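By convention in this document, chain letters (A, B, ...) are assigned in the order of the sequence lines, proteins followed by strands, and residues within each chain are numbered from 1. Heavy atoms only: backbone and side chains are in, while hydrogens, waters and symmetry mates are out. Note that the structure is a prediction, hence the values are computed from the model and not measured.
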Protein chains: 2
Amino acid sequence: MKKYKPGKIRERNEEVILKAAEQEFVLNGFKGTSVQAIANRAGLPKANIHYYFKNKNNLYKAVLEYITQLWNEVLSDISADDDPAEVLHEFIRTKVELSYTHPRASKLFAMEIIQGAPHIREYIRMDMRQWVRSKTRVFDEWIAAGKMDPIDPVHLIFMIWATTQHYADFETQVLTLMNRAEYEREDIEHITNMVSHVILKGCGLQPLQALATSDMASSTVTTP
Amino acid sequence: MKKYKPGKIRERNEEVILKAAEQEFVLNGFKGTSVQAIANRAGLPKANIHYYFKNKNNLYKAVLEYITQLWNEVLSDISADDDPAEVLHEFIRTKVELSYTHPRASKLFAMEIIQGAPHIREYIRMDMRQWVRSKTRVFDEWIAAGKMDPIDPVHLIFMIWATTQHYADFETQVLTLMNRAEYEREDIEHITNMVSHVILKGCGLQPLQALATSDMASSTVTTP
DNA sequence: GTCTATAATAGGATAGAC
DNA sequence: GTCTATCCTATTATAGAC
């Protein structure tokens with residue numbers, strides 16, 4: 001996509017700008033974000049942003065492109081021979097992990113879709129739909145073979161996306177309700193196990209994790 | 001909250017403005033929305049918006065207040081004597097219905113939280129937390145009585161919120177992937193049944209709906 | 001490659017005529 | 001109660017000095 005040879009300085013600055021832009025776009029949306037605010041956060045003069053990315057629209061698209069690359073790597077190749085329980089668990093584990101490691105990417109993507117996906121319509125219509133179709137085809141074979149309950153595969157994918165991304169997108173709400181400052185490693189494992197257990201069992205599969213009462217008990221909300 | 005006697009004109013205009021504001025705020029976020037854009041959509045001159053709501057911040061808060069009232073009515077009173085399966089099903093049914101009838105309210109609320117909930121921090125910390133605590137207390141009793149699996153009640157609530165609101169917030173993505181223009185009544189029932197089935201069964205409860213294969217089969221994604 | 005200065009426009013808010 | 005005209009600030013983007 002880039003036509004010029006990226007030098008060392010350019011490479012480093014572009015990365016700094018992209019990171020700053022991602023944060024500002026999450027905080028204030030595309031329209032609500034000023035190039036000045038991005039420049040301040042990046043520690044560069046405003047004109048440099050325009051020098052590297054031409055205009056705000058280009059910069060936003062660059063950030064989104066970076067994010068969609070992340071999403072594309074999830075559950076890349078599965079087949080009907082694989083074990084449904086293991087695949088679904090791995091799907092859930094990866095998505096919870098992404099919510100933990102890249103919360104801002106998830107948030108920005110969510111905002112873009114909430115606002116009607118004006119910049120990534122085509123990505124959804126082509127790449128994403130292709131991804132969904134390739135997975136549902138496998139799910140359908142599992143159902144036909146009686147390996148799992150006849151849960152509509154498309155909605156099953158929606159359910160897993162929704163549940164796992166919730167911990168990134170609604171981070172503020174989740175943490176506030178749990179009276180916590182931030183997620184920790186053990187929270188992520190707890191969430192993975194809980195979500196995996198409910199969904200696998202809900203699909204008529206054998207859950208991979210036993211429910212440890214200490215792990216699952218409602219000690220999550222502490223009285224202030 | 002209002003100090004003046006609301007006349008007929010005022011009442012009608014305020015409603016028109018609130019509706020227009022909700023749409024614009026969803027499309028462009030708080031910062032990205034101009035009072036001019038709201039005025040245009042409402043079919044009123046810009047100065048009238050300021051006349052009725054003083055400033056943009058007040059207007060935004062009024063929209064959010066209207067939305068939180070909707071949310072407060074969900075699952076208002078339950079007790080340990082109630083049947084877990086029925087309560088959870090009703091919870092899911094109501095939330096899916098709200099996603100269908102008030103998608104913009106859900107979207108705006110989601111955006112506010114994604115951006116760090118700067119305007120509704122206190123609402124979450126007080127009202128919402130109180131609501132969650134009153135529900136988890138009942139769930140805990142069910143678990144203690146062996147009526148359902150020991151699923152962490154707080155995360156169970158998150159899971160139901162996430163799954164049901166997804167159909168409002170990510171409407172664009174869901175519809176695009178399903179190659180549909182908009183939801184229909186039967187979609188809503190299909191979604192309710194599917195989500196309810198997986199979650200109830202996943203919690204060790206008897207699902208209320210039998211899985212109709214015709215209902216659950218993967219005919220959702222049509223080839224273009 | 002970097003930054004200051006500036007043009008051109010759009011924004012929130014208000015005064016004051018009707 | 002309604003709306004036009006206007007003030008002032010912030011915004012995107014660029015020109016041009018370094």
Side-chain angles (χ1 to χ4, degrees), chain A residues 1-64 108 111-112 115 118-119, chain B residues 1-64 108 111-112 115 118-119:
Chain A
M1 196 137 257
K2 302 195 193 65
K3 297 173 202 74
Y4 34 77
K5 268 219 174 79
K8 281 275 158 62
I9 310 170
R10 168 164 233 117
E11 207 171 343
R12 196 179 52 79
N13 278 351
E14 282 186 354
E15 211 176 297
V16 170
I17 294 170
L18 282 171
K19 219 172 183 63
E22 186 186 59
Q23 294 192 47
E24 286 299 324
F25 283 137
V26 167
L27 286 173
N28 297 309
F30 174 70
K31 260 199 164 182
T33 296
S34 70
V35 178
Q36 185 64 62
I38 297 173
N40 290 347
R41 191 180 285 274
L44 291 167
K46 187 172 61 161
N48 288 29
I49 313 284
H50 283 97
Y51 171 68
Y52 284 116
F53 290 93
K54 177 86 176 159
N55 57 38
K56 193 167 81 162
N57 209 37
N58 269 12
L59 175 51
Y60 184 68
K61 275 167 64 178
V63 176
L64 280 182
L108 188 53
M111 285 186 55
E112 168 68 14
Q115 299 186 348
H119 298 82
Chain B
M1 194 139 259
K2 302 193 192 69
K3 297 173 202 74
Y4 33 75
K5 268 220 174 79
K8 282 273 156 61
I9 311 170
R10 167 164 235 118
E11 207 170 344
R12 197 178 52 78
N13 278 350
E14 282 186 353
E15 212 176 296
V16 171
I17 294 170
L18 283 172
K19 219 171 183 65
E22 186 186 57
Q23 295 193 47
E24 286 299 325
F25 283 137
V26 168
L27 287 173
N28 297 310
F30 174 70
K31 261 199 162 181
T33 296
S34 71
V35 178
Q36 185 64 61
I38 297 173
N40 290 346
R41 192 179 284 273
L44 291 168
K46 186 171 65 157
N48 287 31
I49 313 284
H50 284 98
Y51 171 68
Y52 284 116
F53 290 93
K54 178 85 176 160
N55 56 39
K56 193 168 81 161
N57 210 36
N58 269 12
L59 174 53
Y60 184 68
K61 274 166 64 177
V63 176
L64 280 182
L108 188 53
M111 284 184 58
E112 167 69 14
Q115 299 186 347
H119 298 84

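- The distance between atom CD of B/Glu24 and atom P of C/dG11, rounded to the nearest whole Å, is 11 Å.
- Phosphate proximity of D/dC3 to B/Asn48: present, with a side-chain N or O under 4.0 Å from OP1 or OP2.
- Taking the side chain of A/Ala47 as heavy atoms from C-beta on, and the options D/dA13, D/dC3, C/dC3, the nearest nucleotide is C/dC3.
- Regarding B/Arg12, its CZ atom lies at a distance of 12 Å from the C1' atom of D/dG1, rounded to whole Å.
- Separating the CG atom of A/Asn55 from the C1' atom of C/dT9 is a distance of 16 Å, rounded to the nearest angstrom.
- Between the CG atom of B/Asn57 and the C1' atom of C/dG11 there is a distance of 15 Å, given to the nearest Å.
- The nearest pair of heavy atoms linking B/Lys56 to B/Thr33 is NZ-O, 2.8 Å.
- Rounding to whole angstrom units, CZ of residue A/Phe53 and C1' of D/dA13 are separated by 16 Å.
- Listed here is the closest heavy atom pair of A/Arg41 and A/Leu27: NH2-CD1, 3.5 Å.
- The distance from atom CD of B/Gln36 to atom P of C/dG12 is 9 Å, rounded to the nearest whole Å.
- Rounded to a whole Å, the OH atom of B/Tyr52 is 7 Å from the C1' atom of D/dG1.
- The side chain of B/Ser34 has C/dG11 as its nearest neighbour among C/dG1, D/dG1, C/dG11.
- Note on A/Lys56: only backbone sugar-phosphate atoms sit closer than 4.0 angstrom, heavy atoms only; bases stay farther off.
- Here the side chains of A/Gln115 and B/Asn28 are not in contact, with every heavy-atom distance at 4.5 Å or above.
- Between A/Asn55 and A/Asn58, the closest heavy-atom pair is OD1-N, 2.9 Å.
- Of the side-chain N and O atoms in A/His50, one or more sit less than 4.0 angstrom from OP1 or OP2 of D/dA13.
- Listed pair A/Asn13 / C/dT2 meets the phosphate criterion, a side-chain N or O lying under 4.0 Å from OP1 or OP2.
- As rounded to whole Å, 15 Å separates atom P of D/dA10 from atom CG of A/Asn28.
- Under 4.0 angstrom from either OP1 or OP2 of D/dG1 there lies at least one side-chain N or O belonging to B/Tyr51.
- Between A/His119 and A/Asn57, the shortest heavy-atom distance links the atoms NE2-OD1, 3.4 Å.
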